[in-house]
Protein chains: 2
Amino acid sequence: MEDGDGSREGRIPLSRQRVLDHAVAVADAGGLASLTMRSLAKELGVRPMALYHYFANKDEILDGIVDQVFSEIELPSPGGDWREEITRRAASARSVLRRHSWAIALMESRSTPGPANLRQHEAVLATLRGAGLSLEMTGHAYALLDAFVYGFAIQEAALPFDTNTTPEVVAAIAARFSGGDYPYMQEYATERAMKPGYDFGDEFEFGLGVILDALERLAGPMRASLPRGAEA
Amino acid sequence: MEDGDGSREGRIPLSRQRVLDHAVAVADAGGLASLTMRSLAKELGVRPMALYHYFANKDEILDGIVDQVFSEIELPSPGGDWREEITRRAASARSVLRRHSWAIALMESRSTPGPANLRQHEAVLATLRGAGLSLEMTGHAYALLDAFVYGFAIQEAALPFDTNTTPEVVAAIAARFSGGDYPYMQEYATERAMKPGYDFGDEFEFGLGVILDALERLAGPMRASLPRGAEA
DNA sequence: ACCTGAACACCGTTCAAGT
DNA sequence: ACCTGAACACCGTTCAAGT
């Protein structure tokens, strides 16, 4: 994974973007704990202090990679069918957060949204308002949709198994419930979760569908796209 | 906040529970980053290495405080009205995660659930199954409900303002949107979020209500409580 | 059994310096 | 402007030791 010989010749020069790209790669590969100023510098073929020429401190880098992750999420386009657009954006957010699950932990602690985050907000608001939702209903819809998307990402990240967990590991987990202390968990595990074809990920489509159906019903008949507040 | 004079006389002896209680208090007061083996030891009036007599390492303490947080969430009782019970449990989870918002970041990274977490799962499954939901619908309902609860907690934790933010701060945030780049965000901010009486927290009741209404409809007429899988 | 002291390999970051 | 070296005050943790 090292990409430098240490010599300055032929080195791609540092830049904010290059630092952030490598920071994301380091976190993807080894988790958030493995991302240190020193490990990041080594990955870039540079001394730790060089990073401080582009970022005031590590927190600024963390803010940067969170926004980098947001920038990977597809924006809904306010022109199209709102349900289709919102679904596409939600699915994209889910897959991005699955790729970079360390980002979820960071989202909780940083409260200054970056530009990609703001663009994301703007596009979702535009899509919902464009579909004719009232301001109040737009707020309801957005909070509910994003809570679901982020919460689902937490659940997926915390799952003790993913799609390619060995049967041995699954059996070990199941053994914890077989003492009789957790009859309902045991029922769910044996009668459903361990059945072939079961995939927790399918709950995403189900949940999102439930939410969108409800919003559609609550918002009344959707008007065709009539953008407001953007006519200036 | 120091509670010891350093002398061993009269010191409450260490124990796993005492360590965890203080660890939660430290994280509540100063955030997760402020919780170090050394700061925790100082808070307990003890040397850092004493902690290793009760926990193998810091990770075990982190697992412990996550489960401690889960233990604060009210369990639904399978006997009562399912909607009421699930609502009470969700509201409790939200307020607990608001009190300990650092726990959200930890939930993502630890995948071995503690006893309080398991009890929580068992009680929710019992409540849903007791209400007559099929195994499949129970899985759908649980995933959707918890995604919403956890996701809402992230959103609340990431909010740049809480209920007692000064108007100056609010104005500073609003100023970022007034450049014309974000017309829909500006509309939402000025026409709704900054209006007196607006409270993001109200979206919790709305979203939970939408989800419960949908589940009620999908599950068909609820049978009276008929526990299954626990008759042994 | 319960706690401590010294030490090791790490952190983020400052400050002064090199080119 | 861009990067470095040495140093400081921290980390988690090992190991051997005290009572």
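Chain A is the first sequence line, chain B the second, and so forth, proteins listed ahead of strands; every chain is numbered from 1.
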List in chain and number order the residues that pass salt bridge (charged side-chain N to carboxylate O under 4.0 Å, His left out) with [X], two or more places apart in sequence or in another chain; answer none if no residue qualifies.
X        : answer
A:Arg99  : A:Glu72
A:Glu108 : none
A:Glu191 : none
A:Arg110 : A:Asp59, A:Asp63

Taking [atom1] from [X] and [atom2] from [N], how many angstroms apart are they, rounded to a whole number?
X       : N      : atom1 : atom2 : value
A:His53 : C:dT19 : NE2   : C1'   : 12 Å
A:Lys42 : D:dT4  : NZ    : C1'   : 16 Å
A:Arg47 : C:dG18 : CZ    : C1'   : 14 Å

With sequence neighbours excluded, tell me which residues meet side chain to side chain contact (heavy atoms under 4.5 Å, CB included) with [X].
X        : value
B:His140 : A:Arg192, A:Glu203, A:Phe206, B:Glu136, B:Met137
A:Leu75  : A:Gln120, A:Ala123
B:Ala23  : B:Leu35, B:Leu40, B:Ile61, B:Ile65

- Message: Give the dot-bracket line for DNA chain C from 5' end to 3' end: parentheses for intra-strand Watson-Crick or G-U pairs under 3.5 Å, square brackets for crossings, | for inter-strand pairing, dots for unpaired.
- Response: ||.|||||...|||||.||
- Touch class at under 4.0 angstrom, heavy-atom based, for A:Phe55 against every strand present: nothing
- Reading nucleotides 10-15 of chain C from 5' to 3' and marking B where a protein heavy atom lies under 4.0 Å of the base, S where only the sugar-phosphate is that close, and - otherwise, the string is -BBBBB
- Smallest separation among heavy atoms of A:Tyr142 and A:Arg89, with atom names: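 Looks like OH-NH2, 3.9 Å.
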